[in-house]
Amino acid sequence: MEHVEGANLIDKLTRALSSEGDAALAAMRNAAEINRLTLYVVGGSVRDLLLERTLLDVDLTLEADAPTLAQSVGADLPDVECVVHSAFRTTTLKGSGFRLDVATARAETYRRPGALPSVRPGSLQDDLLRRDFTVNAMALALTGSHAGGIIDPFDGRADLEAGFLRVLHEDSFRDDATRILRGARYESRLGFRLERRTLRWLKRDVRYLETISGSRIRAELIRVLREPQPERILLRLQRLGALAAIHPTLSFVSRRARAFASLRKMRRQPPATAYLALLAWGLAAEEATALAARLALTRRETEAVRAVPEAKALERELSRKVKPSRAVELLSPLPPASVWALAASAPGQARQHAMRYLQRWRYVKPSLDGRALLALGAREGPALGQALRRLKAARLDGEVRTHREEERLARVLLGLSARTCP
Ligand code: ATP
């Protein structure tokens, strides 16, 4: 395998880590040297080091049983948590401000499109060969005589410089169509373009997204939604035909993109659930249910998506003048994520009502609670609940502003005599 000089990449790597992370990496390197093994940084970590981007996690690989070595290293490091994922022969070492994922190099084969690959231990070359794009298929040796050298069998460095995303072989998207979502995400994140032949193969094989399970699609979609401007990626996926290939109800138009951007203005880093509700905006009840099932959404996400038709149906009433108590009555049965989607999509008044509900009205409570009403002389029963609801509405609508005004109203509502002054 060819080794390209990685100059001071190891220095850059150690500087990018917290001091605890640096100590853990040094201990891993030391253990690898003692065992005459080469420890490599692989995949996106090498790409980000070369691009001088922030490193969140560091992916390490060994052509040996990684958990055995990583566990013995982890056991000697105080304050480092060591988690073994035996199914993947991977171990995570994590501590303050760092995470090292240490994996056994592996080879993968795909029996049929969309199926999870069969995995067996392999060489570094095998491990790079299973990757999605050339820019993610490089390794940096951290130990041994080639320490500091970059292993770049597919010329990923040239693509990194040219800003190209290039698959390693013609059947890449057929083997694993989640790479289509990954490609669009990297285009946006790195400001790269899908290389011409890669784009042709992607368009040819976009239908293989049908073969991918809901949970795998969901995982990649959530990664898309965590990017700073997910709407750019979704517009691209729409143009590539990828959204329709995932599910016929899934589509993304520029109006939806504007709603995504509005949501971010209302709320920094919106939760993925609110974006998911926006993705389902405009769908009928059965369509929303079918989409949630296709994407194998969690229960919470499913509830938010399924409440979308109901939220949309409120647009008209909320576009008129409504009392805060009425807005609360209408909106409180809905999951907050669906109300965020309403706030981001609806025009004028309806948007304002939804926003006020989210930011203020849903937290308003009367100062008197059930116990306070009993102390005033109320009796247990439905009238008590009704009085509490009326008190809350009066507070919301500004009919009562102080504790004393609330008490006066409560007496009237419960038919209690007014308090006499001593
Ligand atoms: P991020 O995607 O957040 O930038 P990353 O590039 O490290 O991080 P991960 O999803 O964490 O990507 O995956 C780690 C590496 O595993 C990738 O760089 C890539 O080489 C490889 N990989 C992940 N998913 C696939 C896939 N579906 N097909 C091929 N290789 C993959």
Side-chain angles (χ1 to χ4, degrees), residues 13 16 40-61 66 85 88-92 94 98-110 113-119 122 124-140 150-157 159-160 164-192 194 198 201-202 205-206 208-209 211-213 215-230 233 242 246 272:
L13 172 63
Y40 300 96
V41 183
V42 279
S45 307
V46 179
R47 174 200 73 211
D48 288 342
L49 269 175
L50 286 166
L51 290 174
E52 311 208 354
R53 291 174 64 90
T54 316
L55 273 189
L56 297 174
D57 312 332
V58 179
D59 290 330
L60 301 169
T61 291
H85 318 275
F88 302 104
R89 292 198 178 86
T90 307
T91 295
T92 301
K94 53 184 168 181
F98 78 92
R99 180 185 159 119
L100 305 179
D101 286 317
V102 194
T104 308
R106 63 186 203 240
E108 290 182 350
T109 37
Y110 289 86
L116 284 176
S118 325
V119 176
L124 177 74
Q125 180 83 10
D126 293 326
D127 199 277
L128 297 180
L129 191 62
R130 71 180 174 85
R131 301 202 173 240
D132 46 5
F133 299 102
T134 60
V135 295
N136 286 342
M138 292 181 272
L140 165 69
I150 294 181
I151 299 97
D152 182 13
F154 307 101
D155 227 355
R157 237 179 146 174
D159 285 335
L160 208 59
F164 282 140
L165 293 164
R166 186 192 308 268
V167 284
L168 309 194
H169 59 89
E170 180 171 350
D171 289 333
S172 183
F173 294 118
R174 217 176 72 121
D175 283 347
D176 179 356
T178 63
R179 293 169 184 164
I180 294 172
L181 303 186
R182 296 177 64 82
R185 179 161 62 85
Y186 289 130
E187 270 193 319
S188 163
R189 152 117 57 103
L190 305 173
F192 282 20
L194 289 159
T198 295
W201 293 333
L202 182 154
D205 292 339
V206 77
Y208 285 100
L209 276 163
T211 64
I212 306 290
S213 69
S215 61
R216 293 185 65 215
I217 297 272
R218 176 187 171 276
E220 287 298 339
L221 187 60
I222 296 287
R223 290 173 149 193
V224 166
L225 298 177
R226 291 207 180 111
E227 292 289 324
Q229 291 182 295
I233 307 169
I246 291 172

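Only a predicted model underlies this, so the values are computations on that prediction, with no experimental measurement involved. Ligands are counted one by one from 1 in listed order, and the atoms in each one are counted from 1 as well.
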Quick one: side chains of residues 41-61, donor-acceptor pairs under 3.5 Å with protein atoms, not counting sequence neighbours, listed by atom name and distance.
unit_1	atom_1	unit_2	atom_2	d
Ser45	OG	Asp59	N	3.0
Arg47	NH1	Asn136	OD1	2.8
Glu52	OE2	Lys12	NZ	2.9

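- Around ligand 1 you find Gly43, Gly44, Arg47, Asp59, Arg130, Arg131, Asp132, Asn136, Asp176, Thr178, Arg179, Arg182, Arg185, Tyr186, Arg189, Arg223, each with a heavy-atom distance below 4.0 Å.
- Remark: Ala219 engages no residue in a side chain to side chain contact (heavy atoms under 4.5 Å, CB included) (not counting sequence neighbours).
- In this structure, Asp176 and Ile212 have side chains that are in contact, with non-hydrogen atoms separated by less than 4.5 Å.
- When Leu181, Ile180, Leu221 are each tested for a side-chain contact (heavy atoms from CB on, under 4.5 Å) with Ile246, only one passes: Leu181.
- Taking the side chain as every heavy atom from C-beta outward, Ile150 and Arg157 approach each other to under 4.5 Å.
- Evaluation of the salt bridge (Lys or Arg N to Asp or Glu O under 4.0 Å) rule for Glu108 yields Arg106, Arg130 as partners, not counting sequence neighbours.
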